[in-house]
Amino acid sequence: MKKPLLSLFLGIFMCLTSQAQENYFFPGETFNPNVPSPSEFLGYKIGDWHTRYDLIVKYFEKLDELSEMASLKTIGYTHELRPKIILTIASEANMGNLEEIRLKQLQLADPSQPKPDVSTMPSIIHQGYGVHGNEPSSAEAAMLTAYWLLASQSDLAKNLRENAVVHFDPTVNPDGRDRHSHWANTNKGFPPVADPMDREHNEVWPGGRTNHYWFDLNRDWLPLAHPESQAKIAWYHTWYPNVTTDFHEMGTNSTYFFEPTKPYGSENPVVPRKNYDDINTRFAKYFSKYLDEIGSLYWTKEVFDNSYPGYGSTYPDIHGGLGLVFEQASSRGHLQSSQRGDISFEFTIRNHVRSSLATMEAALDNKNFMHDYLREFFETAVTEGAKDPTKNYVFGDEFDENRNRMFVQFLMDHQIKVYENTADLSLGGYDFKKGKSWVVPTSQPQYRMVRTMFEEVTEFADSVFYDASTWTMAHAYGMPFAAGPSVKLGEQVINNTPTPYEFPDGKAYAYLIDWSDYYAPKMLFDLQKAGIHVEIINRPFTSQTQNGPREFSAGTLMIPMGFQSLSESNLVDELKTLSMVNHQQVYATSTGFNLEGIDLGSNLVGAVTQPKVIMVVGDGVSSYEAGEIWYLLDSELGMPITKVNSDQMGRVNLYDYNTLILPSGNYNSFSESVVNHLKDWINRGGTVISMKTASLWLNQKEIIKENMVARGESTDPKELPFAERSAFEGAKQVGGSIYMARLDLTHPITYGYNRETLPVYRNNSIFVQPSKDKYLTPIRYTENPLLGGYISNKNLELLKQSASLIVSPVGRGRVINFFDSPNFRGTWFGTNKLFLNAIFFGDKMD
Ligand SMILES: [Zn+2]
């Protein structure tokens with residue numbers, strides 16, 4: 001069929017515009033005509049639309065298909081099943097030898113092997129884009145940069161293909177990317193509207209920054225709570241790139257930021273100074289040159305935290321490479337007015353393309369130097385580790401096998417070597433049992449990550465934190481650990497699978513399950529879903545079990561066989577399966593008459609109601625905290641949770657639920673009738689789980705009546721220089737630090753905990769007095785609570801007088817107030833069980 005004239009004309013026009021566009025991004029360069037540019041492939045000018053992630057993948061598939069110099073690999077999938085891809089580009093010769101090149105790079109990073117001749121090794125460059133979905137310029141820059149590297153006829157491109165292997169991760173957070181792209185595209189006007197008030201520039205809650213569960217993936221390189229980061233880190237350790245980039249956007253009125261970041265205060269103490277003092281400066285020269293050439297303004301050194309190991313630009317610094325953060329002033333949308341005139345999407349993309357090119361040129365010019373640095377980094381890790389007065393960290397919780405295994409796996413995912421502990425040890429006030437504890441020696445190539453996991457830091461060069469000021473992961477896992485002298489190492493852990501428990505034979509009067517194990521709550525919910533009636537025993541006791549007498553703590557689950565609707569054989573089959581799946585030890589007893597403590601039919605034993613949970617989300621609510629709760633219940637319990645938008649609360653009948661979660665937020669948008677309904681429901685027995693600022697709102701509405709800790713007279717100087725404002729005020733914030741709390745082990749909120757102390761995470765400065773009811777502050781801070789992180793002395797004093805958790809009775813119901821962050825970043829497995837206890841046993845807490 002003949003093409004209509006108009007489409008032919010459009011075709012020619014398209015061809016001309018795409019050429020003009022290549023001139024905008026790559027002035028004066030010629031390209032291999034057999035490789036389509038992104039605009040040729042997509043059919044629109046780059047910058048005219050936000051490119052959907054599936055089209056980015058399609059473009060990379062096309063490059064892979066057309067060229068022997070490009071190869072595409074799927075390394076994992078997001079929650080919404082988008083593929084996580086890496087496109088690798090190098091000369092045909094290098095692509096033919098890719099596995100050999102990779103193994104040599106691993107050999108270079110392994111100080112136990114001879115050092116290879118680095119002059120023959122290509123530079124390994126890892127270009128990472130779009131970890132924040134609503135910072136969209138970088139993924140477009142990824143397509144252009146990959147195109148340039150593959151098709152440009154310039155000497156630099158040729159040289160790079162010969163002497164580098166470049167890995168492109170075009171979008172670290174594809175789910176968030178598509179959420180934002182959809183918003184920007186569907187609200188785009190013709191012509192585009194630059195007015196910042198236009199809907200296009202103002203996404204609805206929760207925005208596209210985060211992943212499916214509203215997590216910031218640029219915090220997840222350390223915690224590895226999500227499949228996107230798990231896939232990324234697994235891949236990272238197969239390459240040990242020399243340079244890794246991480247592209248972002250910031251406020252529309254800003255310019256462009258590249259490293260160095262703020263010296264000392266924002267730097268990570270385990271990273272060698274050479275990284276900051278020497279390498280950063282070498283690379284910065286290239287970024288300034290590339291941006292000077294096109295007249296783009298930029299800044300360096302002022303802020304931007306580079307210390308938290310969960311950033312995409314910091315993790316590589318702790319792995320012998322250079323991690324680089326870039327920030328572009330956002331057009332957020334296709335065109336937005338700023339103090340320097342209208343910023344177009346295309347303009348923001350071009351700056352990131354320039355930095356991508358500058359990074360590759362810098363990496364190439366410093367190829368051998370960066371290889372030597374990688375080697376030196378891991379060699380010094382081993383020697384510095386050997387000099388560390390701490391020879392080993394020993395850890396393990398004898399009461400919780402699943403949480404132990406999770407922590408061991410977590411360390412292994414970061415390539416830390418973990419060994420079995422061969423003898424019972426008493427160290428640092430803990431008893432570590434053989435078979436239930438492990439040893440991590442400091443003298444190993446991942447020494448700096450070992451420190452990241454175990455070290456407590458309380459001295460800081462600065463007092464303003466962009467984010468967490470501490471990240472002792474052993475505390476996040478609630479793991480008892482001690483720094484110790486040399487101990488005999490057992491086998492290195494390779495297979496982390498526990499030996500299955502034996503299921504008890506014979507007829508049972510009741511089955512018992514200890515609540516101490518991390519997966520006991522999941523076991524309980526699985527039992528409830530299967531229609532099995534479960535009770536909880538609220539005091540300690542000793543029962544005659546199939547394994548002989550055994551002591552149980554308060555909070556033990558009981559399945560009484562005389563009160564079940566399932567047949568005995570069906571129930572036992574179900575129980576057996578669930579105990580296997582959840583790795584739970586099930587005990588059987590043939591009598592309710594206990595050897596010690598209360599009997600199984602005591603009035604202190606009661607049915608556990610199946611939770612029906614609703615959580616308020618949407619405008620005014622912290623999406624991070626709501627996301628942490630949603631993800632916890634989905635991933636750890638498989639529990640459906642109703643998420644209701646704050647503006648829909650007027651339609652909710654709370655009597656359909658037994659538990660309401662109010663994440664941190666502002667609930668002033670609730671109408672009077674919503675507030676009255678809420679009051680009525682709590683008074684008649686409802687349970688509210690309230691987080692931090694939500695409790696302030698409940699207090700203001702007089703639903704609860706708790707008291708704040710008095711702050712006293714301000715001791716601030718009467719006047720200070722204007723320029724010192726952010727430093728002075730910033731120092732008053734509690735940016736994210738770890739404190740020791742003391743538990744009332746008889747209160748249901750602490751069921752499953754066996755020690756009186758527990759590290760908790762706090763990132764707010766709400767200080768509430770302990771409850772006037774002396775029984776209802778089950779979690780409070782110790783006398784000397786700071787375990788790690790920055791806090792001002794004044795705030796520390798206020799904290800000592802305040803509560804971590806209080807229960808406020810309201811009529812027949814109650815509010816359980818959390819003032820810390822039990823579910824922080826999906827990785828505080830030491831404290832998220834407190835939250836699960838509130839869900840299962842809320843009605844037993846006052
Ligand atoms: Zn960002």
Side-chain angles (χ1 to χ4, degrees), residues 50 53 56 78 84 126-142 168-181 183-184 201-203 205-223 225-226 228-229 232 244-262 266 287 298-300 302-317 323-333 336 338 343 345 347-349 351-353 355-356 359 465-468 622-624 627 735-736 825:
H50 285 57
Y53 182 68
I56 298 175
T78 69
K84 288 278 306 156
H126 168 209
Q127 300 264 31
Y129 301 86
V131 66
H132 293 141
N134 60 3
E135 300 174 1
S137 53
S138 70
E140 314 281 341
F168 288 89
D169 178 345
T171 304
V172 179
N173 172 16
D175 293 351
R177 159 105 196 158
D178 272 0
R179 209 159 66 227
H180 176 74
S181 296
W183 180 264
H201 310 302
N202 297 282
E203 284 172 287
W205 195 97
R209 176 183 175 91
T210 48
N211 79 343
H212 175 81
Y213 283 103
W214 312 333
F215 274 65
D216 187 338
L217 290 180
N218 195 34
R219 304 292 183 274
D220 201 37
W221 287 51
L222 177 65
H226 292 277
E228 294 90 341
S229 331
K232 182 72 171 221
T244 294
T245 54
D246 180 24
F247 291 92
H248 293 259
E249 289 182 9
M250 58 186 163
T252 308
N253 280 315
S254 192
T255 57
Y256 197 90
F257 175 86
F258 55 81
E259 296 196 19
T261 48
K262 187 169 64 171
S266 69
F287 309 137
Y298 51 81
W299 54 285
T300 64
E302 291 169 47
V303 287
F304 283 111
D305 183 6
N306 198 7
S307 60
Y308 171 61
Y311 294 135
S313 57
T314 303
Y315 192 86
D317 291 335
L324 292 164
V325 67
F326 299 95
E327 297 270 355
Q328 163 64 47
S330 184
S331 64
R332 194 133 305 143
Q336 193 175 163
S338 81
I343 293 192
F345 191 31
F347 169 80
T348 64
I349 295 165
N351 284 337
H352 274 337
V353 170
S355 297
S356 301
T359 300
F465 289 86
Y466 189 72
D467 195 81
S622 159
S623 60
Y624 292 126
R825 289 194 178 148

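In each ligand, atom 1 is the first atom listed, and ligand 1 is the first ligand listed. In this text the structure is predicted, and so the values were computed from the model without any measurement.
The Zn ion (ligand 1) does not have Glu249 among its coordinating residues (no N/O/S atom, backbone or side chain, under 2.8 Å).
A donor and an acceptor atom, one from each side chain of His132 and Glu249, are nowhere located under 3.5 Å apart. Between the side chains of Thr244 and Tyr315, no donor N or O sits under 3.5 Å from an acceptor N or O.
In summary, the aromatic rings of His248 and Phe257 are positioned with their centroids too far apart to meet the 6.0 Å limit.
Considering just the N/O/S atoms of His248, the one nearest the Zn ion (ligand 1) carries the name ND1. Minimum-distance N/O/S atom of Glu135 relative to the Zn ion (ligand 1): OE1. Distances from the Zn ion (ligand 1) to the N/O/S atoms of His132 are shortest for ND1.
The aromatic rings of Phe326 and Phe287 stand perpendicular to each other, their planes meeting at an angle above 60°, with 30° marking the opposite boundary.
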